[in-house]
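All values below were derived from every heavy atom in this structure, side-chain atoms included, with hydrogens, water molecules and symmetry-related copies excluded. Whatever order the structure lists ligands and atoms in, that order sets their numbers, starting from 1.
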Amino acid sequence: MILLSTLPMRDLSRFNWAAHFESNNNHRLQIDFTEEPELTPQEKKLISPSIQSFQKGEASEGRFLLHCARRYAGRNHAPEYPEAMKWFIREENWHSAYLKKFMNYHQIPARPHSFLDDVFRFLRKTGGLRSEIIVLVTAEMIALSYYRALAACVPSPALKSICRQMLKDELPHIVFQSHTLYKLKSHPLERLLRILLMEATMTVVWLSMKDVFLAGGYSYRRLAADCLGYLQQSIKLEKDGRL
Ligand SMILES: [Fe+2]
Ligand SMILES: [Fe+2]
């Protein structure tokens, strides 16, 4: 598990998220396929279903999320928040584009639907900004372990570079969402719900992507320890507003 406290973000109350995402946007990953080997049919079969699922999940336009962010900003005098959210959504879409590029290179077709993505989208829209953020950050914490496992699965330099970029981007995302939950001042009972949601989600993800996790060196126990460890860090940040 990676510690969020290693990130160079000290004073979160003054951190300029829009500038952070905009700067990332100016330094996007150039995927190098010059050393890329051809994947064996077994390797393709192993990684394709979960990559298709994540590629779909990262591609959300985030219209409802942006609508919630604008409403929150209007009520709480936080005009910078929708701008930061707009850049955040763009960064997620870059993640989808990286995976799509990899899929195109290896002739892995995109999927119009993903069961997991459909469930996440449904859950995110069950309330306002709070439920959007809670579901989103849960998925992001699980994604950290997924991309680490995926990088170790197949001997692909391109995929390893994509997974490295995902980790670099997703860690600050977890801080961004957790700090929003701090500002939203959630009820202690909600923290229990976050634990239950994490336990249910990581179990479903494990059941549907077990082969990738196992090939990447993850047992269920390791996945659970990582995910619950990230959740603990996120809840601490949600409670006191600091890393
Ligand atoms: Fe992402
Ligand atoms: Fe993310």
Side-chain angles (χ1 to χ4, degrees), residues 1-2 4 7 9 12 15 17-25 27-29 31 47 50-66 68-69 81-103 110-111 114 116-121 123-124 129-151 158-181 194 197-198 201-202 205 209 212 216 226-227 229-231 233-234 237-238 243:
M1 185 185 62
I2 305 160
L4 298 179
L7 294 175
M9 295 165 175
L12 288 174
F15 193 79
W17 285 103
H20 165 83
F21 292 129
E22 192 177 355
S23 157
N24 285 353
N25 192 58
H27 302 91
R28 294 310 343 175
L29 174 71
I31 306 168
I47 62 172
S50 62
I51 287 191
Q52 288 165 324
S53 220
F54 272 82
Q55 188 270 327
K56 182 83 184 81
E58 304 265 21
S60 170
E61 287 176 18
R63 272 189 297 225
F64 185 65
L65 181 59
L66 208 47
C68 292
Y81 189 61
E83 182 67 7
M85 191 57 86
K86 194 184 81 190
W87 283 108
F88 160 77
I89 293 166
R90 192 171 294 180
E91 186 154 291
E92 293 295 12
N93 294 164
W94 272 107
H95 293 175
S96 177
Y98 298 150
L99 293 175
K100 188 74 174 27
K101 209 165 181 184
F102 175 83
M103 289 162 68
R111 264 208 319 232
S114 143
L116 270 178
D117 183 51
D118 290 345
V119 172
F120 276 128
R121 278 173 204 252
L123 287 175
R124 279 170 51 179
L129 184 63
R130 199 186 298 266
S131 53
E132 274 268 2
I133 299 286
I134 286 175
V135 175
L136 198 53
V137 74
T138 303
E140 289 179 315
M141 289 185 279
I142 295 172
L144 290 179
S145 300
Y146 168 72
Y147 286 121
R148 286 183 106 184
L150 184 65
L159 191 57
K160 283 185 204 311
S161 73
I162 293 171
C163 292
R164 250 195 322 272
Q165 183 68 46
M166 299 298 204
L167 291 180
K168 188 168 172 278
D169 291 347
E170 292 295 349
L171 283 162
H173 290 184
I174 292 167
V175 175
F176 178 52
Q177 320 300 4
S178 306
H179 195 250
T180 301
L181 291 175
R194 289 191 68 191
L197 178 67
M198 175 57 90
T201 312
M202 72 191 184
V205 169
M209 301 176 183
V212 170
D226 272 19
C227 291
Y230 289 125
L231 182 59
Q233 295 183 68
S234 170
L237 207 168
E238 181 190 342
L243 280 171

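Distance alone, capped at 3.5 Å, places no donor-acceptor pair between the Ser96 side chain and the Glu92 backbone. Formation of a donor-acceptor pair under 3.5 Å by the Ser234 side chain with backbone atoms of Tyr230 is not found in this model.
Nearest N, O or S atom of His173 to the Fe ion (ligand 2): atom ND1. Taking the N/O/S atoms of Glu170 in turn, the shortest distance to the Fe ion (ligand 2) belongs to OE1. The atom of Glu140 that is an N, O or S and sits closest to the Fe ion (ligand 2) is OE2. Its N, O or S atom nearest to the Fe ion (ligand 2) is what matters here, and for Glu92 that atom is OE2. Nearest N, O or S atom of His95 to the Fe ion (ligand 1): atom ND1.
Residues meeting the side chain to side chain contact (heavy atoms under 4.5 Å, CB included) test with Glu83, sequence neighbours left out: Ala18, Lys86, Trp87.
In this structure, Arg28 pairs ionically with Asp169, as a charged nitrogen and a carboxylate oxygen lie closer than 4.0 Å.
The Fe ion (ligand 1) has an N, O or S atom of Glu58 under 2.8 Å away, backbone or side chain.
Taking the six-membered ring wherever Trp is involved, the centroid distance between the rings of His173 and Phe21 falls below 6.0 Å.
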